[in-house]
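In what follows, every chain begins at residue 1, and chains take the letters A, B, ... in the order their sequences are listed.
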There are 2 protein chains.
Amino acid sequence: MRSYGQYCSVAKALDIVGDRWTLLIVRELLLRGACRYTDLKNGLPGIATNLLADRIRELEAAGLVRREEAPPPVATTLVHLTEAGAELEPVVKALGWWGIRYMAQPADTDVFRGQWFTYPVEFFLRDRDPDAPAASVELRAGADSTVIEVSGGEVHVRVGSVPRPDLVLTGRPLLINALVTGQLSVAEVTALGLEISGDASLLDRILPDPEDAYPNSPESELSGARL
Amino acid sequence: MRSYGQYCSVAKALDIVGDRWTLLIVRELLLRGACRYTDLKNGLPGIATNLLADRIRELEAAGLVRREEAPPPVATTLVHLTEAGAELEPVVKALGWWGIRYMAQPADTDVFRGQWFTYPVEFFLRDRDPDAPAASVELRAGADSTVIEVSGGEVHVRVGSVPRPDLVLTGRPLLINALVTGQLSVAEVTALGLEISGDASLLDRILPDPEDAYPNSPESELSGARL
DNA sequence: CGGCATCCTCTTTGATACTG
DNA sequence: CAGTATCAAAGAGGATGCCG
C-alpha cells in the first residue's frame with residue numbers, strides 16, 4: 001500500500017493494515033489461530049489466490065505473521081500471528097462491534113462461516129449461573145458448526161462440534177445472530193424458523209438481559225433476508 | 001467499495017469504512033469536530049480533491065456524516081459526524097494506539113498537523129495534581145500549534161494557541177511525541193534539540209510514570225529522523 | 001477563496017487458468 | 001496443498017479548469 005505520508009499513528013497503522021483484505025486475514029488468524037494457506041482461503045471467500053499470497057507476504061514482511069513448518073501430523077506450513085499482529089485484536093473487535101448494526105440487512109449474496117459467530121457470542125453471551133454444571137451449545141448454520149462452552153462463569157467459542165451438546169440451534173445465521181445479540185426473542189426466532197433442540201433453559205443462562213441487548217432491528221427487517 | 005460479501009460484522013464494517021482515506025476523514029472529524037471541505041483537505045495532505053469529494057458523499061450516503069449550512073460568521077457548509085459516525089471513535093483510537101509503535105521511524109517525506117498530537121496526549125498524559133491551579137501547555141511543531149489544558153484532574157487538547165501558556169514546547173514532532181509517550185526523558189529530548197520554555201515543573205505533573213510509558217525505541221533510532 | 005468536476009495515467013484488484 | 005501467471009476492469013493520484 002502506498003503510504004499516507006502522515007506523521008500520525010492512525011495513518012501509520014493504516015499504512016500497514018489498511019489494504020483491502022489485510023484486516024480480514026488478521027481476523028481469521030485471531031478467530032481460528034494458526035492457519036494453513038487453504039484454511040485462510042476458505043475463511044476469506046472471494047479473495048483471489050494471488051492476492052492472498054501477496055498479503056501474507058506483506059504481513060510477514062511487516063512482522064505481523066510468521067510462517068512455520070508444522071510437525072506431523074499436520075506436516076504443512078502454518079501461518080500464525082506474531083505478538084505485534086495479535087495486538088491488532090482491539091482494532092478488529094472495535095470494527096466488529098461497530099459493524100453489528102449491519103448484520104440485520106445481509107446481502108443476498110453474502111456467504112457465512114461458522115467462526116464468524118465468535119465475536120457476537122463473545123460480546124453478548126454470559127454465564128449467569130457460574131455454579132451450574134458445564135454445558136455446551138452447538139450452532140449449526142450452513143455447512144459449518146460452532147461450539148459454545150459455558151462453564152464456571154465463562155463462555156468460550158470455537159469452530160467444530162461436540163459429541164453430545166446440551167443444546168443445538170439450527171437455522172439461518174441471521175436468526176442465530178439476532179438471538180445471540182438480543183435483537184429477537186426466543187419466541188420470535190422460533191416463529192421465523194430457527195430450530196431449537198435440547199435444553200432450551202440453557203438460553204436463559206446465557207442470553208443477554210434486555211438492557212445489554214443490541215438495540216434496533218425490528219423483526220420485519222430480518223424476515224426478508226435469505227441468510 | 002466493493003463489498004466483501006461476508007456475513008460478518010468485521011467485514012460489514014470494512015465494507016463501509018475500509019476504503020482508502022475513509023477512516024482518516026473520520027479521524028479528522030473526530031479530532032477537529034465539524035470541518036469545512038478545505039479544513040478536511042488541509043488535514044488530509046496527499047488526498048486528491050475528487051477523492052475527498054467522493055468519500056464525503058459516500059460517508060453521507062452511509063449516514064456517517066451530514067452536511068450543514070453554517071450560519072454567519074462561518075457562512076459555509078460544514079461536514080460533521082452523525083452519531084453512527086462518532087461511534088467509530090473506538091476503531092480510530094484502537095488503530096491510533098496500535099500505530100504508536102511506528103512513530104519512532106517517520107519517513108523523511110512525512111508531513112505533520114497539530115491535531116495529530118491529540119491521541120498521544122489523551123493516551124499518555126494525566127493530571128496527577130488535581131488540586132494545583134489550572135495550567136496550559138502549548139506544543140509548537142512545524143506551522144501548527146496545539147494547546148493542552150490541565151485542570152482539576154483532567155487533560156484536554158485542542159488545536160490553536162493560548163495567550164500566555166505556562167509552558168511551551170517547540171521543536172520536532174518526533175521529540176514532542178517521544179516525550180509525551182514516555183519514550184524519552186526531558187533530559188534526552190532537550191539534548192536532541194527540543195526547546196522547553198516556561199514552567200518545566202508542569203511536566204512532572206503530566207508526563208506518564210515509567211510504568212505507563214510506551215516501551216521500545218532507543219534514542220539512537222529517534223535521532224536520525226527529520227521530523 | 002471554497003467546493004468541487006474532468007481528464008488522463010498509473011496501480012491495484014478480481015477472475016480465471018495453470019503448475020510443482 | 002500452495003501457490004504463480006495472465007489480463008481486463010476498477011480505483012487511485014495528479015493536474016487543471018470551472019463557477020459562485
For A/Arg67, is the CZ atom crowded, meaning more than 12 foreign heavy atoms sit under 6.0 Å from it? yes
Counting only heavy atoms from other residues, nucleotides and ligands, does the tally under 6.0 Å from CZ of B/Arg226 exceed 12? yes
Which atom pairs, donor and acceptor, lie under 3.5 Å between side-chain atoms of residues 9-20 of chain A and protein residues at least two apart or in another chain?
unit_1: A/Ser9; atom_1: OG; unit_2: B/Gly96; atom_2: O; d: 2.8
unit_1: A/Lys12; atom_1: NZ; unit_2: B/Asp110; atom_2: OD1; d: 3.4
unit_1: A/Lys12; atom_1: NZ; unit_2: B/Asp110; atom_2: OD2; d: 2.5
unit_1: A/Asp15; atom_1: OD1; unit_2: A/Tyr4; atom_2: N; d: 2.8
unit_1: A/Asp15; atom_1: OD2; unit_2: A/Ser3; atom_2: OG; d: 2.9
unit_1: A/Asp19; atom_1: OD2; unit_2: A/Met1; atom_2: N; d: 3.3
unit_1: A/Arg20; atom_1: NH1; unit_2: B/Arg2; atom_2: O; d: 3.1
unit_1: A/Arg20; atom_1: NH2; unit_2: B/Arg2; atom_2: O; d: 3.3

Using residues 40-52 of chain A as the side-chain source, report each donor-acceptor pair under 3.5 Å to any protein atom, sequence neighbours left out, with the distance given to one decimal.
unit_1: A/Asn42; atom_1: OD1; unit_2: A/Arg113; atom_2: NE; d: 3.4

Which parts of residues 32-42 of chain A get close to DNA chain D, meaning a heavy atom less than 4.0 angstrom away? A/Arg36, A/Tyr37, A/Thr38
Salt bridge check: are B/Glu195 and B/Arg140 linked by an N-O gap of less than 4.0 Å? no
Reading DNA chain C from 5' onward, which residue's closest nucleotide shows up sooner: B/Arg2 or B/Arg57? B/Arg57
Between A/Glu149 and A/Ser151, is there a side-chain donor-acceptor contact under 3.5 Å, judged purely by atom types and distance? no
Are the charged groups of A/Arg55 and A/Glu58 less than 4.0 angstrom apart, N to O? yes
So the contacted stretch of DNA chain D, first to last nucleotide with an atom under 4.0 Å from a non-hydrogen atom of chain A, runs from D/dC1 to D/dG14
Could you check whether the rings of A/Phe123 and A/Tyr119 sit parallel, tilted or perpendicular, using 30° and 60° as the cut-offs? parallel
Return the 5'-most residue of the pair A/Val79, B/Trp21 with respect to DNA chain D, ranking by each residue's nearest nucleotide. A/Val79
With rounding to the nearest 0.5 angstrom, report the CG to CG distance, B/Leu184 to B/Asn177. 9.5 Å
Overall bend of the helix from C/dC1-D/dG20 to C/dG20-D/dC1 (five pairs an end, 10° steps) is 30°
Where chain A begins and ends its contact with DNA chain C, read 5' to 3' at 4.0 Å from heavy atoms: C/dT13 to C/dA17
Closest-nucleotide 5' rank along DNA chain D - winner of B/Asp19 and A/Ile56: A/Ile56
Is there a side-chain contact between B/Leu125 and B/Pro208 (heavy atoms, below 4.5 Å)? yes
Just wondering, do A/Met103 and A/Gln183 contact through their side chains at under 4.5 Å, heavy atoms? no
For the side chain to side chain contact (heavy atoms under 4.5 Å, CB included) test, which of B/Leu30, B/Leu31, B/Leu24 pairs with B/Val92? B/Leu30
Less than 4.5 Å apart, any side-chain heavy atom of B/Leu169 and any of B/Leu139? yes
NA contact type, B/Ala53, heavy-atom cut-off 4.0 Å: base, sugar-phosphate, or nothing? sugar-phosphate
